[in-house]
Every structure is written in C-alpha cells, then in structure tokens.
Amino acid sequence: MQPRWLSAQELRAWRAYRGLSLVLEDTLDQQLRHESGLSHLNYSVLVFLAEAPERRLRMTDLAEQLKIARTRLSYTIGRMEEDGWVRREDSPGDKRGQLAVLTDAGMAALEDAAPGHVAVVRAAVFDRLTPEQAQAFGEACEIILAGLTGPERPALPADLPWRR
C-alpha cells in the first residue's frame with residue numbers, strides 16, 4: 001500500500017505546528033521556572049487541582065487530564081510533595097487509589113505564578129490571532145485531540161499515556 005504523503009500545504013502546516021509546539025512549550029516552561037520556580041508540568045498540576053472539587057483528584061484522573069503516564073505523574077507529585085505544594089491521600093472506598101490534594105502553599109504558588117503565565121500565553125498566542133482565528137485554532141485543536149484520544153484513534157503499540 002502506497003503511503004499518503006502530505007501535500008505541500010499539509011507539510012507546511014505540519015512543520016509550523018511541530019515548531020510551534022516545541023518552542024511554545026519551552027517558552028512557557030522557561031517563563032514559569034524563571035518567575036515562579038515551577039515547571040510547566042507543575043503549574044498544570046496545580047491548575048487542575050485548583051479547579052477540582054475540594055482541590056483533590058484521583059491520581060489516575062489527574063494523569064488523564066494532564067495526558068501523561070501515571071509513572072511520570074507519580075514522580076512529579078513526589079517532587080511537588082517535597083515542596084509542600086501537594087499531598088497524597090488514600091482514596092475513600094478504594095484501597096488501591098490515591099488522591100492528589102492541593103495544599104494552601106500550592107494554591108499560593110499557583111496564584112503567584114498565574115499572572116505571568118497568562119501574560120505569556122496571551123502575548124505568544126492570542127494577541128497574534130484575530131477572534132475568528134482563535135476560535136478556528138481552538139476548534140482544530142479539539143478535533144485533533146478527540147481523534148487521538150477517542151474511539152477512532154490510531155492503532156499504536158502502546159495505550160494512551162495515562163493508561164500505561
């Protein structure tokens with residue numbers, strides 16, 4: 001079976017996305033580390049926990065929201081526990097499950113980091129797009145993400161990261 005090569009337009013879009021994703025992630029991580037001492041992953045953990053009921057989530061649910069392997073999350077939470085930003089609790093009614101809980105210190109770290117982070121996101125992404133482009137960008141990202149995580153996702157040798 002012949003491969004379906006990308007058209008010139010598709011290749012241009014793919015290379016732009018690939019470059020954008022690498023440089024944007026690095027930009028966000030550098031800004032957070034410099035201004036707040038948080039990695040972008042740490043910041044994301046704090047955001048998801050802050051938005052969760054009672055500032056707590058099952059570790060497996062948090063891994064899914066972050067789109068990372070459970071082992072990576074466990075390591076990350078361990079490091080964040082050392083800094084006092086989160087703690088682990090046993091999950092009520094589930095002897096094997098654990099919850100990640102945002103501490104007051106973690107909430108303070110998030111509140112301190114958020115203004116600078118949002119300013120960089122706005123300057124790097126949304127200030128460069130018209131409202132129509134921002135809407136189309138969001139819709140395109142949602143469609144691609146659903147295709148990678150939904151029932152029609154590509155068959156790969158390993159399962160989704162948070163299920164590994």
CG-CG distance between Leu28 and Asp26, expressed to the nearest 0.5 angstrom: 9.0 Å
Report yes or no: does Arg88 contribute a side-chain atom to a donor-acceptor pair with the main-chain N or O of Met59 at less than 3.5 Å? no
State, to 0.1 Å, how close Ala100 and Ile77 come at their nearest heavy-atom pair, and which atoms those are. CB-CD1, 4.1 Å
Shared hydrophobic cluster for Val120 and Leu38 (ILVMFWY, side-chain gaps under 4.5 Å): no
Mind checking whether Ile68 and Leu41 have side chains closer than 4.5 Å, heavy atoms only? yes
Would you list the pairs meeting side-chain hydrogen bond (donor to acceptor under 3.5 Å, both in side chains) in which at least one residue belongs to residues 98-124, sequence neighbours left out? Arg55-Asp104
Pair listing, side-chain hydrogen bond (donor to acceptor under 3.5 Å, both in side chains) test, anchored in residues 34-47, at least two apart: Glu25-His40, Gln31-Glu35, Ser39-Asn42
CG on Leu57 to OG on Ser91, rounded to 0.5 Å: 11.0 Å
So, taking the atom named CZ in Phe137 and the one named CD in Glu142, what distance separates them when rounded to the nearest 0.5 Å? 10.5 Å
With hydrophobic residues grouped by side-chain heavy-atom distances under 4.5 Å, do Leu110 and Leu49 end up in a single group? yes
Excluding sequence neighbours, so at least two apart, what forms salt bridge (charged side-chain N to carboxylate O under 4.0 Å, His left out) with Arg33? Asp29
Has Arg56 got a side-chain atom pairing as donor or acceptor with Ala52's backbone, closer than 3.5 angstrom? no
Are Leu46 and Phe48 joined in one hydrophobic group, where the rule is that I, L, V, M, F, W and Y side chains link up if heavy atoms are under 4.5 Å apart? yes
Can you tell me how far CD of Glu10 sits from CZ of Arg4, rounded to the nearest 0.5 angstrom? 7.5 Å
Hydrophobic clustering (ILVMFWY, side-chain heavy atoms < 4.5 Å, transitive) - are Ile144 and Trp14 grouped together? no
Please answer: with hydrophobic residues joined when any side-chain heavy atoms are less than 4.5 Å apart, are Leu66 and Leu99 in the same cluster? no
Will you find, in the side chains of Gln65 and Asp61, an N or O donor that is under 3.5 Å from an N or O acceptor? no
Between Leu73 and Ala63, what is the shortest heavy-atom contact and its length? CD2-N, 3.5 Å
With side chains defined as the heavy atoms from C-beta onward, is the minimum distance between Val45 and Trp85 less than 4.5 Å? no
Heavy-atom closest pair, residues Gly97 and Arg58: CA-NH1, 4.1 Å
